[in-house]
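Report on the following structure.
Only this structure's heavy atoms are used, side chains among them; waters, hydrogens and symmetry mates stay out. Read the numbers this way: they start at 1 and go in the same order the structure lists the ligands and their atoms.
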Amino acid sequence: MSDLFSKFDPLIELRETLLKSGVTDPFNLVMERVESPTVAICNGRRTILLGTYNYMGMTFDPDVVAAGKQALDEFGSGTTGSRVLNGTYVGHKAVEEALKDFYAMDHAMVFSTGYQANLGIISTIAGKDDYIILDIDSHASIYDGCALGNAQIVPFRHNDIEALDKRLKRMPPEAGKLVILEGVYSMLGDIAPLKEMVAVSKEAGAMVLVDEAHSMGFIGEHGRGVAEAQGVLDDVDFIIGTFSKSVGTVGGFCVSNHPKFEILRLVCRPYVFTASLPPSVVATAATSIRKLMDSADKRAHLWENSKRLHAGLRQLGFTLGTDEPQSAIIAVIMPDLEKGAAMWEALLNEGLYVNLARPPATPAGMTLLRCSLCALHSEEQVGEILGMFAAAGRATGCIS
Ligand SMILES: Cc1ncc(COP(=O)(O)O)c(C=O)c1O
C-alpha cells in the first residue's frame, strides 16, 4: 500500500527541524483568555494582539454582544439547515438588509464563511467557456473558487495594469470574462489600483469581482472598501466580503446590483449544500455592520495607528512590505523562516502577538511578520509595540 501521506514528508521535515531548534510552534498558539480586541492572555501572560483581523475592534462591542445573547435566547444555538430549506431565519434576512444598506446595493447574499462566498460565487458565475482573469497573488479561496468551476484561468502579475489589459485584449471579444481583484492584499498590506483596473476590464467587456475582505469597515468614506475610496464602486459587479475581520464574527457575503442576482440562491452549491450561520452570529453581524456605518472617528484613529507603526518600524531599521502605509496591515519582511520564527518568538516573549506568514500564503517565497492594527489600539499601545519590536529585533540580530 502506498502511503497517501508521503507527499507531506518535506513539510513534516521542515516543521520538525524548526521545532528541534527549540522555538515555540508559531502555528499553534493558544489564547487562554481574551480580555479585549487588543489584549489576550497567552502562555499565562498579558499579550498585545497585533495579529488579528479585528480591525474595527467590534468583538467586544456591548451592543454586538447583547444582540448575540438575545438571539441565542430567542432562536436557539443553530439552524440545523441550509438557507434554502429550514436555515433562513429573520436574522439572516436582517443581516442581508444591513449589508444592502451598508453598500447601498440592491442584493446581498450571506454565506457561512468568506471562503465559501468566493468558492460559491466564482464557481457558479464563471462557466465552461468563460475566462477568469485574476491577480496572481489572489487569496486561496479565490483560487479554490476557480478550481471548483470550469472556466479557463488566466493569472496576471500582481497589481500590473498593463498585464491585465494585455490578457484581456488577447481573449475572444465575445467570450464571458470575469476579472477578480482584491481591495487590500493581505500579505503585504498593499492596495490594488482598482480605478485603472476596473476601467480596462470594463473596456474589454468583462465583469469585475472585488474581494474587499481586508478593507470593509475601514477604507473609503463609508468603509465600503478600496472600490469606494477610488470612486469605482458603481462599476464593480460583485463585492465579496467577510464577517471574520472588521465585522468581528464569522460569515461571508456577496453584494451586487446585478438584476438577476437572486437566482444564485438556487444554483450556488456552497450556499445551498451547507448549514446556515447560527442566529446569534447573524444578529452580531447585523448589529456590527450597522454600527460600522457610523464609525468615521474609529477609521481616522486606525489610519493614525497605521501611520505611527509604519513610521516607527521603518525608523528602527526594519524592511516593510510597502513604502507607505496603505491599509491596517503592515508586513515586516524577514530574511528567512528561521530568523522569522526566532523574531516571532522573541516578540511573544516580550508580550506581543503578530502573524508569522510563509509560502505558499506569501508572495515570492517571503517570510513575513504580519502586523494588523485595530482601531482600539491606543497611542500608548502602539508605543509599547514599537518598544517590543526594538528589543526583539536587537535580541535576534534582525536590527542593529
Ligand atoms: C482576501 C480574503 N478573502 C476571503 C477570506 C476568507 O474569509 P473567511 O475567514 O470569512 O473565510 C480571507 C480570509 O483570510 C481573505 O483574506
Apply salt bridge (charged side-chain N to carboxylate O under 4.0 Å, His left out) to Asp165 and Arg170, showing your working.
-> CA-CA 9 Å; Asp165 194 31; Arg170 257 188 244 142; over 6 Å; no
When distances are taken from atom 14 (O) of ligand 1, the protein heavy atom at minimum range is Lys245 NZ, 2.8 Å
Atoms of ligand 1 under 4.0 Å from any heavy atom of Thr113, numbered from 1 in the order shown, are 10 (O), 11 (O)
Quick one: does Ser141 get within less than 4.0 Å of ligand 1, heavy atoms only?
-> yes
Lys195 atom NZ, over 12 foreign heavy atoms within 6.0 Å | no
Out of Thr284, Leu277, Thr113, which one pairs with Phe243 under the side chain to side chain contact (heavy atoms under 4.5 Å, CB included) rule?
-> Leu277
Mark the output for Ser138 as yes if a heavy-atom distance to ligand 1 is under 4.0 Å, and as no if none is.
-> no
Tell me: protein heavy atom nearest atom 9 (O) of ligand 1, and distance?
-> Ser244 OG, 2.9 Å
For atom CG of Asp297, is the number of surrounding heavy atoms from other residues, nucleotides or ligands below 6.0 Å larger than 12?
-> no
Atom 5 (C) of ligand 1: nearest protein contact (heavy atom, Å) = His139 CE1, 3.6 Å
For Arg45, does the CZ atom sit with more than 12 other heavy atoms under 6.0 Å from it, leaving out its own atoms?
-> yes
Compute whether any side-chain donor of one residue and acceptor of the other, for Asn54 and Thr59, lie under 3.5 angstrom apart.
-> yes
N or O pair under 3.5 Å between Tyr53 and ligand 1 = no
Indicate yes or no: does an N/O atom of Tyr115 lie under 3.5 Å from an N/O atom of ligand 1?
-> yes
Which atoms of ligand 1 have any heavy atom of Gly251 under 4.0 Å away?
-> 10 (O)
Residues Arg33 and Glu35 bridged, charged N to O under 4.0 Å = yes
With a 3.5 Å cut-off and no angle check, do the side chains of Ser112 and Thr274 form a donor-acceptor pair?
-> no
Atom pair CG/OG of Asp211 and Ser141 - distance to nearest 0.5 Å = 6.0 Å
Judging by distance only, is a nitrogen or oxygen of Gly114 under 3.5 angstrom from one on ligand 1?
-> yes
Please report which non-hydrogen protein atom sits nearest to atom 16 (O) of ligand 1, along with the residue it belongs to and the distance in Å to one decimal place.
-> His214 NE2, 2.7 Å
Between Gln116 and ligand 1, which part of the residue brings a heavy atom under 4.0 Å of the ligand: side chain, backbone, both or neither?
-> neither
Kindly identify the option in Ile240, Thr249, Asp211 whose heavy atom sits closest to atom 1 (C) of ligand 1.
-> Asp211
